[in-house]
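Notes for the one structure printed next.
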Amino acid sequence: MRLSQSNAQLQREPLRRAVKLPVWADVGIRLGIAATLIFLVIMIHWWDREGLVDNLDGEVSFLDVIYFTMISITTTGFGDIAPVSDRARLVEGLIVTPVRVLVLFIFVGTAYNFVIKRTWEKWRMNRIQESLENHVVVLGFGVSGSEAVAELIERGTDPSSIVVLDGSSERLALAEAMGCNVMTADASRDENLIAVKIDKARTVLVSAGRDDASILIVLTVRHLAPNTPISVVVRAADNELLARQAGADNVINPVRFTGLLLAGSAQGAHIAEYLADLASVTGRVQLIERAVRETEVGRPLSELETGGRGLRIYRDGIAFGYWEPEAEALVADDIIVEIAPCSSGEDLAEILEGESA
């Protein structure tokens, strides 16, 4: 799929997913195999030309051999050149006929792959697009967006449940190679967000590369999906409040986070390492946010079923630390933030699956 522009505005292209083999490579391999088989039959016929008879002039030239091979492969058979010896007929029956079948399969398979199958794939992707639900939408696939997608996949998220929108076909090729659904489109336009069912998404991650573009996208998403969680990356501290006013639930400032790591490293050799450990799925522990389970209601925050260490609860939008009285008894609808030992994305997925169960 190619990036197309009209009046300096990106036009939405259909959702797509990576194919295992490029089209040009597939065609080249098929044509190469067919040409090799035909050349092989030509050589066999030329080697056994004494077993052929030309009913027109009695001579079988190399051009006659090529002609006879082509009409044999295509099963046309005009009868002007025919095998007459027993060996020639045996060659036709045991060698040329299987090759003829293989060549026909190659051409029929090519027609299927590039006409029927491509049409079917396009229809299937349209169906996927129509049935999108509980998916992750990533708007912008720059450095932050690509790292976020890689981390999500590492944490156990199915790449087929991730939809990436970006204006660069080169960046989208990377997302496509990761198994994500991609669309070349302007993420700030209503019709493009509607096309990926933004209102049915599990969460939306915005990283447009520029704060003004990211905030505009957040405004558009919040307008179309009032209840969908939105996380956005901004780089200027002044824009954090604007991003929240635009409707973002989480505002991440990479500059501020880098400052936290630097400050932590100044106070201790291992603080910055531990903060990075918490943020990455490759670490020994994971920072997890989840809803309280029914069996945990009434228990203190220190006695979680997952075996993790409860740090904070959110009750009616207010945060309470593990040392506060409110953390002595969990209630329904509490949101828990905990640290859990987790050596892989599969472990993290098991914790979250247990929450949904």
Side-chain angles (χ1 to χ4, degrees), residues 132-159 161-166 171 175 178 180-183 185-188 192-193 196-261 275-276 278-281 283 286-291 311-312 314 317 319 335-338 345 348-349 352 355:
L132 284 174
E133 189 172 2
N134 198 33
H135 52 297
V136 178
V137 178
V138 180
L139 305 177
F141 200 73
V143 176
S144 299
S146 59
E147 288 293 332
V149 170
E151 186 73 15
L152 282 171
I153 295 173
E154 189 72 22
R155 289 170 179 258
T157 301
D158 186 356
S161 68
I162 301 174
V163 179
V164 179
L165 269 70
D166 197 282
R171 289 198 293 265
M178 297 168 72
C180 302
N181 306 294
V182 302
M183 180 183 291
D186 183 351
S188 66
N192 299 336
L193 298 178
V196 296
K197 300 293 189 295
I198 198 73
D199 58 324
K200 295 183 179 180
R202 180 168 77 247
T203 188
V204 177
L205 310 180
V206 181
S207 178
R210 291 179 47 179
D211 288 1
D212 54 350
S214 295
I215 292 172
L216 175 59
I217 291 172
V218 170
L219 279 168
T220 309
V221 173
R222 182 54 70 214
H223 163 66
L224 296 172
N227 300 317
T228 301
I230 303 172
S231 298
V232 61
V233 173
V234 296
R235 288 165 175 78
D238 294 344
N239 291 328
E240 293 183 28
L241 179 59
L242 292 176
R244 294 191 184 278
Q245 291 177 338
D249 298 282
N250 299 297
V251 179
I252 297 99
N253 189 328
V255 177
R256 186 185 296 275
F257 186 72
T258 303
L260 292 175
L261 292 178
L275 288 174
L278 287 175
S280 174
V281 74
Q286 295 298 315
L287 197 59
I288 300 170
E289 178 180 323
R290 63 177 179 86
L311 301 178
R312 177 180 290 183
Y314 286 86
I335 300 297
I336 298 173
V337 177
E338 65 172 302
L348 177 60
L352 297 178
E355 170 201 346

Applying side chain to side chain contact (heavy atoms under 4.5 Å, CB included) to L165 and V138, what does each step give before you reach the verdict? CA-CA 6 Å; L165 269 70; V138 180; over 6 Å; no

So CG of L193 and CG of L139: to nearest 0.5 Å the spacing works out to 6.0 Å

Take L205 and V137 through the test side chain to side chain contact (heavy atoms under 4.5 Å, CB included) and record every step on the way to the result. CA-CA 6 Å; L205 310 180; V137 178; over 6 Å; no

One should read off an interatomic distance between E338 CD and I288 CD1, to the nearest 0.5 angstrom, of 5.0 Å

### Message
Could you check whether R202 pairs with E133 (Lys NZ or Arg NE/NH1/NH2 to Asp/Glu carboxylate O, under 4.0 Å)?
### Response
no

Check step by step if side chain to side chain contact (heavy atoms under 4.5 Å, CB included) holds for S207 and V232. CA-CA 6 Å; S207 178; V232 61; over 6 Å; no

Show me, pair by pair, the donor-acceptor contacts under 3.5 angstrom made by side chains of residues 141-149, not counting sequence neighbours?
unit_1, atom_1, unit_2, atom_2, d
S146, OG, G142, O, 2.7
S146, OG, V143, O, 3.0

The side-chain contact (heavy atoms from CB on, under 4.5 Å) partner of V163 among I198, N181, V204 is N181

S161 and D158 have their tightest heavy-atom pair at OG-O, 2.6 Å

For S214 and V206 the tightest heavy-atom approach is O-CG1, 3.8 Å

Task: Non-hydrogen side-chain atoms of N250 and I230 separated by less than 4.5 Å - done: no

Please tabulate, for the side chains in residues 238-246, all donor-acceptor contacts under 3.5 angstrom to protein atoms that are two or more places apart in sequence or on a different chain.
unit_1, atom_1, unit_2, atom_2, d
N239, ND2, D211, OD2, 2.8
E240, OE2, N253, ND2, 2.9
E240, OE2, R256, NE, 3.1
E240, OE2, R256, NH2, 3.1

Exercise for review: Begin from the C-alpha positions of R290 and I335 and carry the test side chain to side chain contact (heavy atoms under 4.5 Å, CB included) through to its verdict.
Suggested key: CA-CA 6 Å; R290 63 177 179 86; I335 300 297; over 6 Å; no

Expected list for residues 217-224: side-chain donor-acceptor pairs under 3.5 angstrom, two or more places apart:
unit_1, atom_1, unit_2, atom_2, d
T220, OG1, S188, O, 3.4
T220, OG1, L216, O, 2.9
R222, NE, G247, O, 3.1
R222, NH1, A225, O, 2.8
R222, NH1, P226, O, 3.0
R222, NH1, T228, O, 2.9
R222, NH2, T228, O, 3.1
R222, NH2, G247, O, 2.8
R222, NH2, D249, OD2, 2.9

Heavy-atom nearest pair, M183 first then V196, reads CE-CG1, 3.8 Å

Which of V164, I153, I162 passes side-chain contact (heavy atoms from CB on, under 4.5 Å) with M178? It is I153

